[in-house]
There are 2 protein chains.
Amino acid sequence: MPAENLSFETAKRGQLAEPHVVEMRGFELFSGMPEDSFETLMRTTHVQAFPPRTMLITEAGPPDFLHVVLSGSVELFSNWNGRETSVATVRPVGTFILAASIRNAPYLMSARTLEESRVAMIPSEEVRAMFDSDAAFAHAIVNELAQCFRTVVKHNKDLKLRTSLERLANYLLREMQRNDATEFDLNTEKRRLASFLGMTPENLSRAFKGLEKHGLRVKGSRITIANLQDLTAFAKPSPLIDDFTT
Amino acid sequence: MPAENLSFETAKRGQLAEPHVVEMRGFELFSGMPEDSFETLMRTTHVQAFPPRTMLITEAGPPDFLHVVLSGSVELFSNWNGRETSVATVRPVGTFILAASIRNAPYLMSARTLEESRVAMIPSEEVRAMFDSDAAFAHAIVNELAQCFRTVVKHNKDLKLRTSLERLANYLLREMQRNDATEFDLNTEKRRLASFLGMTPENLSRAFKGLEKHGLRVKGSRITIANLQDLTAFAKPSPLIDDFTT
DNA sequence: CGTCCTTTTGAACATTGTCAAACACTGTGG
DNA sequence: CCACAGTGTTTGACAATGTTCAAAAGGACG
């Protein structure tokens, strides 16, 4: 209800009336800022809707904008020597390119939309300026960045400490949590999932088969965790790798 | 020379006279701070020397202190299900546990000294308080954190996009740069290097053999890059994975 | 010199990747 | 409605890569 009121009140003041601005005001990244700082930031921020499979940025490019995913989802990926790997999926309300924006260094990853998505783009200079002038924003930024860091470290541990079968099992347990149900759809292509988990599509296909011994049922993209105890005993999830809230 | 002067001048003012405090003042992390902020921070900071192979922190523990390596080197590693992997080596003047300190979240990694090392420990609360009250420190912190993030992302790409042979080849090229010489010593146990590169010691041993076809000579821990062109052609280093300055 | 630890080597084994083909699903156009 | 192409997934046979286990060789140090 406060949100609706705000939306209504600001509806007469030009740009700030736009729904996405109101929407963004509520995000953790901006919610602690005083109104005038927020308005300054929004003045140079552009929001754009993109169709599926649209390239947003290309690795090695100059870090012109901090990106904030407002709706849909965006894949971060990287290439080397003709190979490609999926690094992460960013969903609302996540940011990407934050570290590059702050350091004013080249992008390490490319990004493309997976589905129709709306993305806010804040000029990197403005991010750095606002970081210096607004303590609440600085606070939010460093928290977001620390979160990103910890996510990548966890991903790293996942890759180095586990076999592909174990990675898949733990991924499915995390998805179970996210969906809050033991039966759910993978809403990603399996080959993308394979790339994310660091394996080939063929190997993933066999890994799904392999997990049927441990309480999993797979039909197409429909996943059923038939025996949670079994799967958990096999996967041995750890908060220091699989908990994505801290 | 300015550093020596400072050292001499502050030699009469109690705690701040200690050499490590003078030393730390010069680090990028602190050099931009006004003197009083720095003094406040140093008041609760302790510096300690540790013998080799000393555990400094254990993963899952509470993030009491931000650690700064002043001399020696520290290994960050992690365990899961009876396995262990080496995640990074921190050298002067690097920090660790920064993200955990900021988010006040459990350590994701354990740390132990590799050699005799001096480590400064700043209470995490002080780090967070100083972040809020001193803009220059906030600036330095977020830059350091962004750097850490980018390093982990690069490591991730290295792992997922390359074979173990390619990872070793690129590692050696990076070491060549760090040593500024085509002949150098590995300053690390090979089994630790293997773990860092995500493979077994046996596999590393064979990988060294395998690189002899590409211009490498190995005698014990002595590495000679006999044919840089060959090795580079094989390794195909990329700034977006192997450049650790941005 | 002997002890302890790391590294190397060999051989068997397991896992993962590659390639080719079959299959399944989706949407198009006849 | 069907045939068809296009794409993604699965399967099988095989190759490459990586791991395990055991044992030998090398180094460091008392």
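Atom set for the values below is all heavy atoms of this structure, side chains included, hydrogens, waters and symmetry mates excluded. If you're wondering where the values come from, they're calculated on a predicted model, not measured in any experiment.
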Once you round it to whole Å, what is the distance between [atom2] of [N] and [atom1] of [X]?
{"X": "A/Leu197", "N": "C/dG17", "atom1": "CG", "atom2": "P", "result": "11 Å"}
{"X": "A/Lys160", "N": "C/dT16", "atom1": "NZ", "atom2": "P", "result": "17 Å"}
{"X": "A/Leu193", "N": "D/dT10", "atom1": "CG", "atom2": "P", "result": "11 Å"}
{"X": "A/Arg83", "N": "C/dT18", "atom1": "CZ", "atom2": "P", "result": "8 Å"}
{"X": "A/Leu114", "N": "D/dG8", "atom1": "CG", "atom2": "C1'", "result": "16 Å"}
{"X": "A/Glu166", "N": "C/dT16", "atom1": "CD", "atom2": "C1'", "result": "14 Å"}
{"X": "B/Glu212", "N": "C/dT8", "atom1": "CD", "atom2": "P", "result": "10 Å"}
{"X": "B/Leu211", "N": "D/dT17", "atom1": "CG", "atom2": "P", "result": "13 Å"}

Quick check for you: among [options], whose closest atom lies nearest to any side-chain atom of [X]?
{"X": "A/Lys209", "options": "D/dT10, C/dT9, D/dG18", "answer": "D/dT10"}
{"X": "B/Arg191", "options": "C/dT7, C/dT16, D/dT10", "answer": "C/dT7"}
{"X": "A/Arg206", "options": "D/dT10, D/dT19, C/dT18", "answer": "C/dT18"}
{"X": "A/Glu202", "options": "C/dT16, D/dC21, C/dT18", "answer": "C/dT18"}
{"X": "A/Asn203", "options": "D/dT10, C/dG17, D/dG18", "answer": "C/dG17"}

Measuring to OP1 and OP2 of C/dT16, would you say a side-chain N or O of A/Thr200 lies under 4.0 angstrom away?
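No, no such contact exists.
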Are B/Ser164 and D/dG18 close enough that a side-chain N or O sits under 4.0 Å from OP1 or OP2?
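For B/Ser164, the contact criterion (side-chain N or O under 4.0 Å from OP1 or OP2 of D/dG18) is met.
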Donor-acceptor under 3.5 Å (B/Lys190 side chain, B/Leu204 main chain)
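Pair absent, no side-chain N/O of B/Lys190 close to backbone of B/Leu204.
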Any side-chain donor paired with an acceptor under 3.5 Å for [X] and [Y]?
{"X": "B/Ser110", "Y": "B/Glu59", "answer": "no"}
{"X": "B/Ser86", "Y": "B/Ser195", "answer": "no"}
{"X": "A/Thr89", "Y": "A/Glu75", "answer": "no"}

Looking across every strand, which nucleic acid part, if any, lies under 4.0 Å from B/Glu189 by heavy atom: base, sugar-phosphate, or nothing?
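Counting heavy atoms under 4.0 Å across all strands, the contact made by B/Glu189 is with sugar-phosphate only.
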For B/Arg91, what residues pass the salt bridge (charged side-chain N to carboxylate O under 4.0 Å, His left out) criterion, not counting sequence neighbours?
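Testing B/Arg91 for salt bridge (charged side-chain N to carboxylate O under 4.0 Å, His left out), a comparison that skips the adjacent residues, returns none.
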B/Phe208 vs A/Arg167, nearer the 5' end of DNA chain C by closest nucleotide
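Its nearest nucleotide being more 5', the pick is B/Phe208.
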